Amino acid sequence: MTGSAGTGGAGERPARVRYAPSPTGDPHVGNIRTAVWAWLHARHTGGQFIVRIEDTDQARKIEGSVERILGSLEWLGLDWDEGPDIGGPFGPYVQSERLPLYHEAVERLLASRDAYRCFCTAEELDAMRERQRAEKRPPGYEGKCRAIPPTEAEERAKSEPHVIRFAVPDEGTTVCHDLLRGRIEVENSTLDDFVILKSDRYPTYHLAHVVDDHAMEITHVTRGDEWIPSMPRHCLLFDALGYERPIFVHTSIILAPGGGKLSKRHGAKSMLEYAEDGYLPDAVFNFLCITGWGYGDETVMSRQQLIDVFEIENIGLNPATFDMEKLTWMNGVYIRQTPVEELSEMIARRLEVELPPDVPRPVDRALVEAVTPLIQERIQTLAEVTPLIDFFWQSEIAPPPPEEFLQKRWKDRASDAASALERVAAATEEVEPFEAGPLEERMRSLCEELEVKAGDLFTLIRIAVTGRRVSPPLFESMEIVGRGVCVDRLRAASASLAAVSAP
RNA sequence: GCUCCCAUCGUCUAGCGGUCAGGACGGGACCCUUUCAAGGUCCAGACAGGGGUUCGACUCCCCUUGGGAGCACCA
């Protein structure tokens, strides 16, 4: 901790920022990282973080999405001050429940001639695009229905399906500002008359977000930079409606390791999948925040520290590549930082579902607590836990095949190995007290008696007792496993080796 | 095709006209060590290219190149 804290929000007005996902699936890292930053900005400035569901596309709606979106935020520890589930002073927070607001805005736009009814059919529009492509002209609505006199349009509207389009000025330029990129200027001639109200009377994103962000008094519109190209449209809408424009903050996207779009293969898993994969919320939160944004040389930062120090204007502009290995490393850091009691609770929950069914439930908590310190600094994700320590719960483990033992120093020396293990078993029976310290002491002196290197003997013991070549610290493990079981396993191993050596 | 955005080690980044271009992940070496980790020390590794501006450019401007996004009755 450098002590060189940020401004702590002093001097910054409380911001109202929103996370506005559409319920079309589970949020992925790129998407949720925007939420992390928005949340941080809200907390940093002492403002509000709002969740709004953008479900204006009835066709794409996916059942259960909202729950999973909220669940993802919750898991990450992003709490919201207003939202679909808890309401708030600017509700409702679901766009499909705000239709009258959009219709009212459309009426105003129609009245001011900033919008008009369009009766073009899908076929006509397709044909138009076809023509544009053939003539190598940029695609876009050419304004055919703009020429229809309002009275005629009103009349036809009574019986004909239609949409409402925004009438973009033919000339001039629209100047927008992005907090991170500054001035962004676009020729109006490159903008077409976009749809603001669909024929099903639902608004498009363009209209809905403008109406809602104004109504909800959003100060900062934070979203992915795929929205930059349509920002001028939004500015035009804000202006036409007489609304003050919010501060736009377009954040760059997250790229896949090889470059290109992030896909399932590359870690674009949903947030909830990270939980399943054994990642800690704080680690993912920290990591997400740090990719695409930085604070000096700091990397591992607590939630509070991040809130204190986060400055939204310092978000990086270049698209970042998702570095799965760094996430995993960071997760390891967080696991090591976690108090043992907490960690053992997490581990217990894992074991509860991952241990073989024949292990009695609930899983022995005292045992988990004893084992946790042994593996805390050896794991990077909770998913590694079970395979590492399941032997503590297996009352019977078949001795590994003799080849496991007879390597390196013990190659072709089955009978030596067998007798060494027998000596170890005998010593194990006698050690008092049966604790790691005395155990190690005894085994080391046994090494001298046997004239073998400690590592060589310990490997034999390790394989016999834990069933594997890699394990948590040997003597601590033996202490936990217990004298009886250790001796049994040692003798079993010894016997199996003796069998091999016998002619 | 048109419009827009971006550009420092392999990756995430610090830098905000004068630095030996710093840190982290990953990689390598060594130390520690009962395995595996963790920890410690050290090493390799970057300003995409070309023009300007300036006494002086990683830093400011332009072009090129490269990457990305958008051009729907999807968001």
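Residue numbering restarts at 1 for every chain, and letters A, B, ... go by the order of the sequence lines. Since this is a predicted model, take the numbers as computed values, not measurements.
- Nucleic acid contact class of A:Asp323 (heavy atoms, under 4.0 Å, all strands): base.
- With both ends at atom P, the span from B:A57 to B:G51 equals 12 Å, rounded to whole Å.
- Contact annotation: A:Ser252 does not reach the phosphate of B:A69 (side-chain N/O to OP1 or OP2, under 4.0 Å).
- Taking the C1' atoms as reference points, B:G10 lies 29 Å from B:C63, given to the whole Å.
- The nearest whole Å value for the distance from the CD1 atom in A:Ile184 to the C1' atom in B:A69 is 12 Å.
- The side chain of A:Lys326 sits closest to B:G23 out of B:A72, B:A75, B:G23.
- Both tests hold for A:Arg156 against A:Phe119: distance to the six-membered ring centre under 6.0 Å, angle to the ring axis within 45°.
- In this model, the phosphate group of B:C74 is approached by a side-chain N or O of A:Lys198 to a distance below 4.0 Å at OP1 or OP2.
- Taking atom P on both nucleotides, B:U11 is separated from B:G45 by 16 Å, rounded to a whole Å.
- A:Asn314 has no side-chain polar atom (N or O) that falls below the 4.0 Å cut-off from OP1 or OP2 of B:A14.
- Neither OP1 nor OP2 of B:G70 sits under 4.0 Å from any side-chain N or O of A:Ser230.
- A residue-by-residue look at A:Asp297 and A:Ile228 shows that A:Ile228 has its nearest nucleotide of RNA chain B further toward the 5' end.
- Within the 4.0 Å cut-off from OP1 or OP2 of B:C71, not a single side-chain nitrogen or oxygen of A:Arg133 is found.
- Of the side-chain N and O atoms in A:Arg468, none sit less than 4.0 angstrom from OP1 or OP2 of B:C36.
- Counted by atom type alone, A:Ser252 and A:Asp225 present zero donor-acceptor pairs between their side chains at under 3.5 Å.
- Using a 30° and 60° split on the angle between ring planes, A:Phe310 and A:Trp293 fall in the tilted class, from 30° to 60°.
- Residue A:Leu474 is classed as a base contact, given a heavy-atom separation below 4.0 Å to a base.
- With contacts defined as side-chain heavy-atom distances shorter than 4.5 Å, the pair A:Tyr93/A:Ile50 qualifies.
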Polar pairs (N or O, both sides) under 3.5 Å between protein and nucleotides 41-48 of chain B?
none

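- Interface residues of residues 376-394 of chain A facing RNA chain B, ordered by number: A:Glu377, A:Arg378; criterion, heavy-atom separation under 4.0 Å.
- A:Ile253 comes within 4.0 angstrom of the backbone, heavy atoms only, and of no base.
- Taking 4.0 angstrom as the limit, A:Arg129 places a side-chain polar atom (N or O) nearer than this to OP1 or OP2 of B:C73.
- Look at the C1' atom in both B:C36 and B:U19: the space between them is 41 Å, to the nearest Å.
- Taking the nucleotide of RNA chain B with the nearest heavy atom to each of A:Gly316 and A:Ala454, the more 5' of the two is matched to A:Gly316.
- A:Pro161 comes within 4.0 angstrom of no nucleic acid atom, judged by non-hydrogen atoms across all strands.
- A distance of about 45 Å separates the P atoms of B:A48 and B:U35, rounded to the whole Å.
- Nucleotides B:C58 and B:C16 have their P atoms positioned 14 Å apart, rounded to a whole Å.
- B:U3 sits 37 Å from B:C55 when the P atoms are compared, rounded to a whole Å.
- A:Val163 comes within contact range of at least one nucleobase, with a heavy-atom separation under 4.0 Å.
- If you take atom C1' in B:C43 and the same atom in B:A37, they sit 23 Å apart, rounded to whole Å.
- In summary, of the residues considered (A:Tyr116, A:Tyr205, A:Phe166), a ring pair (Phe, Tyr, Trp, His ring centres under 6.0 Å) with A:Phe194 occurs for A:Phe166 alone.
- Contacts of A:Thr459 with the nucleic acid, taken as non-hydrogen atoms under 4.0 Å apart, are absent.
- Annotation: the span from A:Glu187 atom CD to A:Thr173 atom OG1 amounts to 6.0 Å, rounded to 0.5 Å.
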